[in-house]
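Structure first, then comments.
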Amino acid sequence: MAAAAAEARVFLEVRRRLHSALLILGDPNEGGLPMDVCVTPTSLQLKSPGGCTELWLPAGVRLVPSSCRGLQHVAGDGLHLRLQARAEFCPNLISVFNQSSQAQGCCTFYCQSCGEIIIRNRKLLRVLSLPHENWGALVDEWCCHPNPFANKPLHPQENDCFTGDCFFLVNLRHDLQQPRPEVAPVETRCLSSENHLKMKPKANTKVICKRCKVMLGETVSSETTKFYMTEIIIQPSERNFPIIPRSQFVQSVIAQCLVELSSARSTFRFTLQGQDGKVYILLWLLNSDSLVIEALESSTSIKKFPLLEDLLKADSSSSWNAVKVLYQPCIKSRNAELASSWESDISVHCLTLPSATCLELLLILSRSNATLPPSLRCMNSFQKFPEIQGEPWKSAASLLL
């Protein structure tokens, strides 16, 4: 087959569960030199009078050249085609919600941004998930007598770690490296994975990293501290602090959070709000089985990929596992009516993170959206659904797993 382009941008998305792939060969210079495209099971070859470029697929990914169909040229994008593909499922990830493997020895809590030690050599004997937000009502239905757990907050003991949707609850001990913030009396009820997030402290209860001044969490009581998963890395004490680019870490944590919650609670719509209670982003999870390969042809050997170029300094991989989401920003009163309707919808799950992290994630999504082929950046077809009317929904497929 032939296409007209002087330089080709290659975008390949493989859907593992569907055994299908979408291949887009970008055409930035309409009417350029002729180019032949050769699809083999393990590579893509782009031939032009100026030379030949070959893009090798990752190990475990196989295309079926004879299945090519839906060939069309999309203005601004280039050549689109679909074909069958096979890709091995990635190994099971260690969920950030069930780190029971960490309870075998002493652990150290680090600030992810700068590596400062927050809690040193904490032995975790129990790592338990908090019940969901409606557990109190369920107990009322099960018991023929008054709820024995009413008004009893769930606080971890010294060697416990409770995990919520996107946070850890730990018991404060003398090994906390920073001074404890002052805590005003707060009315507490039965803590769950959500309802304690709605508490409104009357004083500043933020837990701040003493080195980089990043907000790590909040003080829930005089003995219990909540650390956000996007701000803390928990490692066995015998291991060194892992240096992970900030954007990669935030994407991975949020992606795992969305996948875990969608599987456990069959919810696919999420609001992300800051600790100040303001909604920053609306997210709609589409799928979590994508393998994305993207490249710009700048030489005879394609090595760098624009979306993750900063990550490839430590990892030369040319592909990444991703979740695909639709998102709407809600800053500066944008989509206020839509955000309000989602907040009152019981099928929408709310996640609370530091406000600065919400803004970070919004920048990551915007950057991801800008790197997609133009035809994939908005999902106007979703306008027919009343619950998501408003601005065209933006698509982002770069939340790393």
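Because the structure is a prediction, the values reported are computed rather than measured.
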Steps toward side-chain contact (heavy atoms from CB on, under 4.5 Å) verdict (Arg246, Thr357):
CA-CA 10 Å; Arg246 176 65 182 168; Thr357 301; 3.5 Å; yes

Does a side-chain heavy-atom distance below 4.5 Å link Ile117 with Thr108?
yes

Pairwise side-chain contact, Tyr327 with Asn369, heavy-atom cut-off 4.5 Å (strictly under):
yes

Reported CG-to-CG distance for the pair Leu22 and Leu81, which is rounded to 0.5 angstrom
8.0 Å

Nearest heavy-atom approach of Leu169 to Leu154 is CD1-O, 4.2 Å

Just checking, any donor-acceptor pair under 3.5 angstrom between side chains of His349 and Asp165?
yes

Counting only heavy atoms not in Arg86, do more than 12 sit closer than 6.0 Å to its CZ atom?
no

Does any part of the side chain of Leu130, heavy atoms only, come nearer than 4.5 Å to the side chain of Phe167, both counted from C-beta?
yes

Is there a donor-acceptor contact under 3.5 Å linking the side chains of Ser355 and Gln275?
yes

Val323 vs Asn287 side-chain heavy atoms within contact, under 4.5 Å
no

Measuring from Leu282:CG to Gln273:CD, what's the distance to the nearest 0.5 Å?
11.5 Å

Which residues pass the side chain to side chain contact (heavy atoms under 4.5 Å, CB included) test with Ala21, sequence neighbours left out?
Leu12, Val14, Leu63, Leu83, Ala85

Contact summary for Pro354 and Glu231, nearest pair of heavy atoms:
CG-OE2, 3.8 Å

Nearest 0.5 Å please: distance from the CD atom of Glu360 over to the OH atom of Tyr280.
12.5 Å

Taking the side chain as every heavy atom from C-beta outward, state whether Ser319 and Pro58 have any atom pair closer than 4.5 Å.
yes

Heavy-atom pair of closest approach, residues Thr267 and Leu261:
CG2-O, 3.9 Å

Taken in chain and number order and not counting sequence neighbours, the residues that satisfy side-chain hydrogen bond (donor to acceptor under 3.5 Å, both in side chains) with Glu343 are none

Please report the interatomic distance CZ(Phe162) to CG(Asn171), rounded to the nearest 0.5 Å.
9.5 Å

For Glu260, does its backbone N or O pair with a side-chain atom of Ser263 as donor and acceptor, under 3.5 Å?
no

Could you tell me if the side chain of Val10 sits less than 4.5 Å from the side chain of Leu44, heavy atoms only?
yes

Can you see which heavy atom on Cys257 is nearest to which on Leu351, and at what distance?
SG-CD1, 3.6 Å

Taking it one step at a time, do Val220 and His155 satisfy side-chain contact (heavy atoms from CB on, under 4.5 Å)?
CA-CA 9 Å; Val220 176; His155 288 310; 3.9 Å; yes

Does Lys206 pair with Glu218 as a salt bridge, N-O distance under 4.0 Å?
no

Pair Thr40-Glu54, side-chain contact (heavy atoms from CB on, under 4.5 Å): steps then yes or no:
CA-CA 10 Å; Thr40 72; Glu54 189 167 26; 5.5 Å; no

Could you go through Ser252 and Gln248, starting from their C-alpha distance and side-chain angles, then the distance that decides it, and tell me whether this counts as side-chain hydrogen bond (donor to acceptor under 3.5 Å, both in side chains)?
CA-CA 6 Å; Ser252 180; Gln248 180 184 0; over 6 Å; no

Residues in side-chain hydrogen bond (donor to acceptor under 3.5 Å, both in side chains) contact with Arg62, at least two apart in sequence or another chain:
none

Heavy-atom closest contact (Arg211 atom, Gly115 atom, distance)
NH1-C, 4.2 Å

Measure from the side-chain N and O atoms of Ser366 to the backbone N and O of Leu362, and report whether any donor-acceptor pair falls under 3.5 Å.
yes

Stepwise, does the side-chain hydrogen bond (donor to acceptor under 3.5 Å, both in side chains) test hold for Arg269 with Ser347?
CA-CA 7 Å; Arg269 292 187 293 159; Ser347 66; 2.8 Å; yes

Can you name the side-chain hydrogen bond (donor to acceptor under 3.5 Å, both in side chains) partners of Ser375, sequence neighbours left out?
Asp77

Given 3.5 Å as the limit, does a donor-acceptor pair link the side chain of Arg15 with the main chain of Asp289, or not?
no

Should Cys161 and Pro156 count as side-chain neighbours, where that means a heavy-atom distance under 4.5 Å?
no

Side chains of Ile254 and Leu353 in contact at under 4.5 Å (non-hydrogen atoms):
yes

Ignoring hydrogens, what is the shortest heavy-atom contact between Gln84 and Ser67? Give both atom names and the distance.
N-OG, 2.7 Å

Can you list the residues that meet the side-chain hydrogen bond (donor to acceptor under 3.5 Å, both in side chains) rule with Asn240, with sequence neighbours excluded?
none

Spacing of CZ belonging to Phe227 relative to CZ belonging to Phe109, to within rounding of 0.5 Å
7.0 Å

Any side-chain to backbone donor/acceptor pair from Asn321 onto Leu291? Under 3.5 Å, distance only.
no

Backbone of Lys123 reached by a side-chain donor or acceptor of Asn159 within 3.5 Å:
yes

Is the backbone N or O of Cys106 less than 3.5 Å from a side-chain atom of Ser237, with the two atoms forming a donor-acceptor pair by type?
yes

Evaluate the criterion side-chain contact (heavy atoms from CB on, under 4.5 Å) for residue pair Leu376 and Ile24; output intermediate values, then yes/no.
CA-CA 11 Å; Leu376 302 183; Ile24 300 178; 4.0 Å; yes

ring-ring contact (aromatic ring centres under 6.0 Å, His included) partners of Phe249, counting only residues at least two apart
none

Hey, what do you get for OG (Ser262) to CG (Leu285), rounding to the nearest 0.5 Å?
5.0 Å

Side-chain (Asp345) to main-chain (Trp342) donor-acceptor, under 3.5 angstrom:
no

Any donor-acceptor pair under 3.5 Å from Gln112 side chain to Ile244 backbone
yes

More than 12 heavy atoms of other groups within 6.0 Å of Glu238 CD:
yes

With side-chain contact (heavy atoms from CB on, under 4.5 Å) as the test, pick out the partner of Tyr228 among Val253, Thr352, Leu216.
Thr352

Less than 4.0 angstrom from a charged side-chain N to a carboxylate O is my criterion; do Glu158 and Arg126 meet it?
no

Is a donor on one side and an acceptor on the other found under 3.5 Å between the side chain of Thr224 and the backbone of Ser221?
no

Students often mix this up, so state it plainly: with edges at 30° and 60°, are the rings of Phe241 and Tyr110 parallel, tilted or perpendicular?
tilted

